[in-house]
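No hydrogens, no waters, no symmetry mates; every other heavy atom, side chains included, goes into these values.
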Protein chains: 2
Amino acid sequence: MCTAFHNASCLNCQARFGSILFKAEKCNLEEIEAAKVCSIYKKGQVVFQEGAYPFGIYCVNTGKIKLSHCGDDGREQIVRLAKPGDIIGYKALLSAERYTASAIAIDDASVCFIPKDLFMSVLQKDASLSFEMMRIIASELRKAEVKITHLSQKPVRERLAETLLFIKETYGVESDGFTLNVRLSREEIANLVGTATESAIRLLSEFKKDGLIELQGKKIRLLNTDEITRTANLQD
Amino acid sequence: MCTAFHNASCLNCQARFGSILFKAEKCNLEEIEAAKVCSIYKKGQVVFQEGAYPFGIYCVNTGKIKLSHCGDDGREQIVRLAKPGDIIGYKALLSAERYTASAIAIDDASVCFIPKDLFMSVLQKDASLSFEMMRIIASELRKAEVKITHLSQKPVRERLAETLLFIKETYGVESDGFTLNVRLSREEIANLVGTATESAIRLLSEFKKDGLIELQGKKIRLLNTDEITRTANLQD
DNA sequence: ACATTAACTTGATCCTCATCATTGTGCCGG
DNA sequence: CCGGCACAATGATGAGGATCAAGTTAATGT
């Protein structure tokens, strides 16, 4: 399955900057360090599964994770992309319910696990951490609501352009300044946009024909970000 | 505009049970009580407007409030329905950004305003309150993600059925046990479902023909909840 | 290297649903 | 009481996009 080991210190963690956990008071952070377990997941492996009960939260150390709902008909809807420093699995934990989404590694990833009891107790006593958590969740909620609006009002073409920009914003680009720094299948892109795989493919080809992007296998190069933004028709 | 006055005590507030504020420690609650201002909004009046900066949060005392995004083309998308005891406007406040949604009274409503500085300072020191806040926001986020999935995967018919059940769950029914306890225009229902007004009207007529509901002006009676649930095709 | 499967691509078709247009109904002020 | 207006209902039409089908390329294992 996956290799698990204790990480000596969060201070060595690649993702220590930008991680919410570093908003915690020092003593609490040390407590977390002592208890957390770091695991390696290979591309495609499941970190946690929709329907299961949570035993703690996860903090992405390296790699990329997708969080996706499984629709009734089995089609997946990607609701979030997590990068190093992000925590995942907090919603289920906070509401003490089952996971409503699965977390799957897009790349090989290393993810820290923090046991439920510990995290909850730290959260209860560490106002700074819980305040920061709140801000993060609130910001996710904002994004989700915008997405709801766009899903019901914007055509697929605009949403795809928007998604490309979102991917760039999340995972960045390679050293050339153009190539998206993640390899997603066409199906995954479609599930991110909320459309059929064929539609996503077709529109990507159009974008390519229009000189907005360049395609080379799973590599996507955003050649003309301005024009993509215009295509996305964003005004908020 | 609207009548504003200091409410002597939250303890007299109709919405005191079920309100998150009562998770706050007593001394903090008293502080809030002293500072909050209660206002009356008539049906259709705006509590806060998308794009404006927040000066505090609002707690619904009586009445019903809709929270809606305005899409780029001007069409609104209702992202939330608030009832007595609910707090609104917290996302913008927490992230210190502009409102991304407007809050508008569906009914005549009385809403308490709690100034930003006070609320934030209480939040910082009251772990119990901020923990509860977190849970509420996390739960909203869950709902939003499910909605995203359904928007991209379910047909309008199912989503309308789902919305009717959601309205019932949120505002309940009148004493007859069937009539939804809120008057929404067809357009508002459509904006909740995420579809065109005409489509919502058409499907409501179908539901009526199929004996699922009864229509009488803006009154909607859910005659056969089981069958509506089946129509919504929920399995999660 | 080859076989086998998975992922991608393109084309054709169908259907849901948005849009436009028109008529009908309730509601309020004059 | 009646015009005026907003909202509701219904019909006609077309476009966007899902689905099905078939062919192509890339990836994977043996």
Please tabulate, one pair per line, all N/O donor-acceptor pairs under 3.5 Å involving side-chain atoms of residues 96-104 of chain A, not counting sequence neighbours.
unit_1	atom_1	unit_2	atom_2	d
A:Glu97	OE1	B:Arg142	NH2	3.3
A:Arg98	NE	A:Tyr53	OH	3.4
A:Arg98	NH1	A:Gly51	O	2.9
A:Ser102	OG	A:Glu50	N	2.8

*Partners meeting side chain to side chain contact (heavy atoms under 4.5 Å, CB included) with B:Ala232 (sequence neighbours left out)*: B:Ala161, B:Glu162, B:Leu165, B:Leu234
_side chain to side chain contact (heavy atoms under 4.5 Å, CB included) evaluation trace for A:Ile167 with A:Leu184_ = CA-CA 10 Å; A:Ile167 295 171; A:Leu184 294 168; 3.7 Å; yes
*Indicate, with a heavy-atom threshold strictly under 4.0 Å, whether B:Arg159 touches base, sugar-phosphate, or nothing.*
nothing
*Contacts of type salt bridge (charged side-chain N to carboxylate O under 4.0 Å, His left out), residue A:Lys64, not counting sequence neighbours*: A:Asp107
*Counterpart residues, side chain to side chain contact (heavy atoms under 4.5 Å, CB included), relative to B:Arg157 (two or more places apart)*: B:Leu203, B:Glu206, B:Phe207, B:Asp210, B:Thr231
*Partner set under side chain to side chain contact (heavy atoms under 4.5 Å, CB included) for A:Arg186, not counting sequence neighbours*: A:Thr197, A:Ile201, A:Leu204, A:Leu215
*Calculate, to the nearest 0.5 Å, the distance between atoms CG and CD belonging to A:Asn233 and A:Glu158 respectively.*
4.0 Å
*Send over the distance from A:Lys42 NZ to D:dT28 C1', rounded to a whole Å.*
16 Å
_Counting only side-chain nitrogens and oxygens, does A:Arg183 get under 4.0 Å of the OP1 or OP2 atom of D:dA26?_
no
*What residues, two or more places apart in sequence or in another chain, satisfy salt bridge (charged side-chain N to carboxylate O under 4.0 Å, His left out) together with B:Lys218?*
none
*Who are the side chain to side chain contact (heavy atoms under 4.5 Å, CB included) partners of B:Lys43, not counting sequence neighbours?*
B:Asp108
_DNA chain C: 5'-most and 3'-most nucleotides touching chain B, 4.0 angstrom heavy-atom criterion_ = C:dC17 to C:dC20
*Atom NZ of A:Lys154 to atom P of D:dG16: distance rounded to whole Å?*
16 Å
*Please list, chain by chain and in numerical order, all residues satisfying side chain to side chain donor-acceptor pair (under 3.5 Å) with B:Lys66, sequence neighbours excluded.*
B:Glu76, B:Glu188
*asked:* Tell me every residue that passes side chain to side chain donor-acceptor pair (under 3.5 Å) with B:Arg221, counting only those two or more places apart in sequence or in another chain.
replied: B:Thr179, B:Glu214, B:Gln216
*At how many degrees, to 10°, do the end axes of the helix from C:dA1-D:dT30 to C:dG30-D:dC1 meet when each uses five pairs?*
50°
*asked:* At under 4.0 Å between heavy atoms, how does the protein contact nucleotides 3-13 of chain D? Give one character per nucleotide, 5' to 3', with B, S or -.
replied: -----SBBBB-
*How long is the line joining CZ of A:Arg75 and P of D:dA18, in whole Å?*
7 Å
